Student: 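Take this structure, written in structure tokens, and hold onto it; I'll ask about it next.
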Amino acid sequence: MQELVGLRTQSLDLHGKIVVPGFIDSHVHFISGGLQIAQVDLHGVKSKVEFITKVEQAVNGMEKGHWVLGGGWNNDNWGGELPQASWIDNITHDHPVWLSRMDGHMGLANSLALAKAGIYGGSDDVVGGAIIQRNGAPSGLLVDAAMQLLLPHIPEATVQKRRDAMIRASKLGLSRGVTTVVDFGRYFPGTSTRHVWDDFSEVYKWADETGHMLLRVCLFFPLETWPLVADALKASGRTLSQWLHIGGVKGFFDGSLGSNSALFYEPYADDEHNHGLHVADPDFLLDTVIESDKSEIQVAIHAIGDKANDMVLSINEALISRNGMKDRRFRIEHAQHLAPGAVDRFGKNGVIASVQLYNFGRLF
């Protein structure tokens with residue numbers, strides 16, 4: 001290395017410390033994570049008492065009627081029991097509450113929030129989602145597409161709050177050595193696709209134009225908005241600047257393991273009639289994937305259960321049959337539980353198994 005030193009070389013003595021290239025985090029929901037850092041943080045909560053205490057602390061001093069927002073809870077941390085609205089109703093009677101699970105596929109609402117959304121005993125499930133009932137009444141838990149019944153009632157975060165969230169998340173990433181992220185946006189089953197595009201124009205473009213970008217971001221957009229992505233690629237190409245890059249589109253096939261909505265061949269051990277959920281119509285996914293691929297857009301599909309992964313692999317095989325074999329870098333996000341033979345199918349067709357290690361941070 002000494003041979004490479006020139007007149008303009010700056011040397012830094014690290015006293016034996018190790019230097020590595022910046023990390024690239026391949027799957028984050030960046031602005032969502034930044035917003036959640038400033039809300040009720042339930043990451044690492046290990047008991048029902050601690051869960052309730054955190055919510056109570058957030059309510060103290062809060063103006064009547066304001067929403068209590070936050071999340072990150074993982075019921076596996078306290079033995080598996082799912083939280084219920086009854087846990088927090090008596091301390092939040094003046095405040096609607098929405099607390100998302102760590103995976104974003106389930107959330108807890110208190111009774112006031114359920115009432116605002118018109119969710120009562122006997123309310124029907126929505127396609128691709130579930131209202132979890134207890135003794136004929138809603139428990140407060142909404143799964144995947146059922147969240148669309150409640151989320152529109154939550155006031156949208158202002159542009160400034162979302163810009164602050166992006167900067168907050170960027171600083172957290174940099175503090176952990178992350179210099180590039182792949183951002184799948186504020187989009188989950190039951191949420192509006194508009195959020196991702198609003199963040200693109202009002203947050204990321206603003207940050208890029210005003211010098212507020214702190215790390216590089218590769219953006220994925222909701223699958224059903226692929227025509228807008230195709231237009232953006234035609235207008236500007238994939239690389240928008242040294243900071244911003246258009247990656248592709250993402251869709252969902254199933255839910256998550258922790259919310260019992262990941263799609264499996266076998267039923268859940270604690271729910272013998274439940275195999276999980278299709279959160280999107282497979283025929284719609286196939287048609288949309290084929291059209292996206294024709295426009296040279298990279299496609300990523302969320303799949304966690306073994307059946308879901310097999311069915312997404314079949315979508316990719318149908319895509320190859322229709323559009324031909326090429327280096328399309330088709331991604332399956334999570335690829336968490338695989339049936340025998342699935343690994344060979346990944347390898348044969350060059351499918352990327354985009355696996356996440358959740359212990360590396362809280363922006364997932």
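Since this is a predicted model, take the numbers as computed values, not measurements.
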Student: Using a strict cut-off of less than 4.0 Å between a Lys/Arg side-chain nitrogen and an Asp/Glu carboxylate oxygen, indicate whether K54 and E56 qualify as a salt bridge.
Tutor: no
Student: Any Lys/Arg nitrogen of K234 or E296 sitting under 4.0 Å from an Asp/Glu carboxylate oxygen of the other?
Tutor: no
Student: Taking all atoms of both residues into account, what is the closest heavy-atom pair of D310 and A342, and its distance?
Tutor: OD1-CB, 3.8 Å
Student: Indicate, with yes or no, if V299 and F252 share a hydrophobic cluster defined by side-chain heavy-atom contacts under 4.5 Å among Ile, Leu, Val, Met, Phe, Trp and Tyr.
Tutor: yes
Student: Would you call the rings of F188 and H105 parallel, tilted or perpendicular if under 30° counts as parallel and over 60° as perpendicular?
Tutor: perpendicular
Student: Do NZ/NE/NH1/NH2 and the carboxylate oxygens of R186 and E156 come within less than 4.0 Å?
Tutor: yes
Student: Looking at L174, I want to see if its CG is surrounded by more than 12 non-hydrogen atoms of other residues, nucleotides or ligands under 6.0 Å.
Tutor: yes
Student: What orientation do W78 and W87 show, parallel under 30°, tilted 30 to 60°, or perpendicular over 60°?
Tutor: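 The arrangement is tilted - the two ring planes meet at 30° to 60°.
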Student: Answer yes when D199 and K205 have at least one side-chain N-carboxylate O distance shorter than 4.0 Å, and no when they do not.
Tutor: no
Student: Okay, side chain of H95, backbone of H66: is any donor-acceptor separation there less than 3.5 Å?
Tutor: yes
Student: Which pairs count as side-chain hydrogen bond (donor to acceptor under 3.5 Å, both in side chains) when at least one residue sits in residues 114-138, sequence neighbours excluded?
Tutor: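 Checked against side-chain hydrogen bond (donor to acceptor under 3.5 Å, both in side chains) - neighbours excluded - no pair reaches residues 114-138.
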Student: Would you say the side chains of D293 and N323 form a donor-acceptor pair under 3.5 Å?
Tutor: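 Judged by distance alone, the side chains do pair up.
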Student: Around atom NZ of K294, are there more than 12 heavy atoms from other residues, nucleotides or ligands closer than 6.0 Å?
Tutor: yes
Student: For P282 versus I315, what's the shortest heavy-atom pair and its separation?
Tutor: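 Looks like O-CD1, 4.3 Å.
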Student: Just by distance, with hydrogens left out, do Y204 and E209 show a side-chain donor and acceptor under 3.5 Å apart?
Tutor: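 No, because no side-chain N or O of Y204 sits under 3.5 Å from a partner of the opposite role on E209.
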Student: Atom CD of residue position E317 - does it have more than 12 heavy atoms of other residues, nucleotides or ligands inside 6.0 Å?
Tutor: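 Counting other residues, nucleotides and ligands, CD of E317 exceeds 12 neighbours.
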Student: Using the six-membered ring of Y187, assess whether NZ or CZ of R194 lies under 6.0 Å from its centre and within 45 degrees of the ring axis.
Tutor: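 Checked: cation-pi criterion not met.
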Student: Evaluate the ring planes of H27 and H334, with Trp represented by its six-membered ring, and classify them as parallel (under 30°), tilted (30 to 60°) or perpendicular (over 60°).
Tutor: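 If you compare the ring of H27 with that of H334, the planes turn out tilted.
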Student: Considering non-hydrogen atoms only, spot the tightest contact between D254 and A303 and give its length.
Tutor: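 Scanning both residues completely, I find the closest heavy atoms to be OD1-CA, 3.4 Å.
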Student: With a 4.0 Å cut-off on N to O distance, would you call E81 and K48 a salt bridge?
Tutor: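 No salt bridge links E81 with K48.
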Student: Can you tell me how the ring of F221 sits relative to the ring of F200, calling it parallel under 30°, perpendicular over 60° and tilted otherwise?
Tutor: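 Ring orientation, 0 to 90° scale: perpendicular.
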